[in-house]
Amino acid sequence: MKISIEAIPATGLKGGVVPGQTFDFGKAFTDRMLTMNYSPEKGWHDACIKKFGNFSLSPATMCLHYGQLIFEGLKAYRRQDGRIGLFRARDNLQRMNASAERICMPTIDIEETCDAMVQLIALEKNWVPHDEGASLYLRPTMIAMDPLIRLKASATYLFYIICSPVGHYYANGMKPTSIIVEERYVRAVRGGVGFAKTAANYAASLLPGKLAEAAGYDQVLWLDGVNLEYVEEVGSMNIFFKYKDRLVTSQLNGSILPGITRDSVITIARSWGLQVDEEKISIHQLCADIEAGKVEEIFGSGTAAVIASVGTLRYKNRDYIVGGSEPGAFSLKMYDELTGIQYGRIDDPFGWTSIVA
Ligand SMILES: *Cc1c(COP(=O)(O)O)cnc(C)c1O
């Protein structure tokens with residue numbers, strides 16, 4: 001795949017970030033973006049790195065009507081030695097292809113797209129924040145482009161990657177969050193699109209999220225859509241429960257997003273000799289275990305926060321408290337290990353990191 005790189009006059013560039021700069025998550029974007037088009041005749045073509053800017057779309061463009069829209073979220077990190085690294089980027093593109101297949105969209109070539117992403121990051125390396133905890137968030141996105149308001153799969157698509165410098169997720173320290181178990185609404189159902197990173201999943205989560213916030217909780221914990229009994233995941237994170245001798249997380253069942261951080265946590269915990277069980281977790285059993293003092297720590301995992309400690313779980317009008325006002329030792333150790341690998345502070349025995357610039 002040939003990537004054309006549009007020349008941008010220096011006067012049209014904002015340039016980058018400076019050490020110590022703070023960022024409002026997802027609000028600022030870098031100078032450039034990558035775009036490529038798909039048609040049945042040409043496949044993916046016209047890959048181009050160009051100036052970040054608006055698209056011009058027909059109001060009938062299919063992605064605006066029927067939800068054929070998928071995305072990914074990953075980060076580029078400025079490592080201790082100044083080089084720029086990526087973390088498990090191919091796994092994100094692989095997951096994007098799994099999402100694409102479910103939503104009837106074309107898949108991308110992992111290696112070629114990864115190369116294109118690396119070229120984009122290399123051009124935007126001055127935008128990768130300097131402070132540990134901060135990073136350049138990458139948002140690969142694919143949208144249906146046919147200007148047609150008939151319900152069917154589009155023939156043409158646009159793939160693009162935009163980049164946003166983001167700050168440390170825990171600007172005020174890693175304070176445990178409170179989550180409310182959602183007893184009325186569900187995020188995803190068996191046979192649905194829960195495992196795909198597709199727009200509709202997030203639209204469906206907004207109302208319950210808003211209600212949770214109004215009730216004084218940070219996020220929602222989803223139960224399964226069939227029985228409203230088995231723990232699935234949090235807003236944009238997978239969830240873990242640390243017992244004395246084992247770590248437990250929900251088993252992937254098609255309605256849970258298979259997080260790359262989730263997989264990394266499982267792999268690291270097992271490498272430490274800890275037993276990790278992916279299983280069906282009944283909310284009743286879980287609450288009984290918390291009450292009996294068996295659950296030492298609860299934490300969420302995801303690219304944005306890495307590890308988010310959970311201190312309160314509300315279910316059936318009761319607050320179940322786990323740990324104190326600080327994250328538990330295991331959560332902190334996992335956070336340090338993961339960020340250590342991502343920022344090149346410690347060795348990466350798993351081959352997850354790649355240097356891009
Ligand atoms: C993205 C996402 C996650 C976390 O996935 P990571 O690959 O770890 O970032 C978990 N749940 C949902 C619903 C998500 O969208």
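For ligands, and for the atoms within them, numbers begin at 1 and follow the listed sequence. Only a predicted model underlies this, so the values are computations on that prediction, with no experimental measurement involved.
For atom 3 (C) of ligand 1, the nearest non-hydrogen atom from the set G300, G73, S236 belongs to S236.
Residue contact check: R95 has heavy atoms under 4.0 Å from atoms 5 (O), 6 (P), 7 (O) of ligand 1. Less than 4.0 angstrom separates some heavy atom of R187 from each of these atoms of ligand 1: 13 (C). Listed by atom number, the atoms of ligand 1 under 4.0 Å from Y202 heavy atoms are 13 (C), 14 (C), 15 (O). Atoms of ligand 1 found under 4.0 Å from any heavy atom of G259, numbered from 1 in the order shown, are 5 (O), 6 (P), 7 (O), 8 (O).
Taking 4.0 Å as the cut-off between side-chain N and carboxylate O, K280 and D224 do not count as a salt-bridged pair. Between K316 and E183, at least one side-chain N (NZ, or NE/NH1/NH2) sits under 4.0 Å from a carboxylate O, which counts as a salt bridge.
For the pair G194 and ligand 1, no heavy-atom separation below 4.0 Å is found.
In terms of heavy-atom proximity, W352 sits nearest to D348 at N-OD2, 2.8 Å.
Remark: ligand 1 and T303 share an N or O pair separated by less than 3.5 Å (distance only, no angle test).
When heavy-atom distances to ligand 1 are checked against a 4.0 Å cut-off, E233 comes that close only through its side chain, counted from C-beta outward.
Within the hydrophobic cluster formed by Ile, Leu, Val, Met, Phe, Trp and Tyr side chains joined at under 4.5 Å, directly or through other members, L13 is accompanied by I8.
Test R95, R139, R88 against E72 for salt bridge (charged side-chain N to carboxylate O under 4.0 Å, His left out) and you get one pass: R95.
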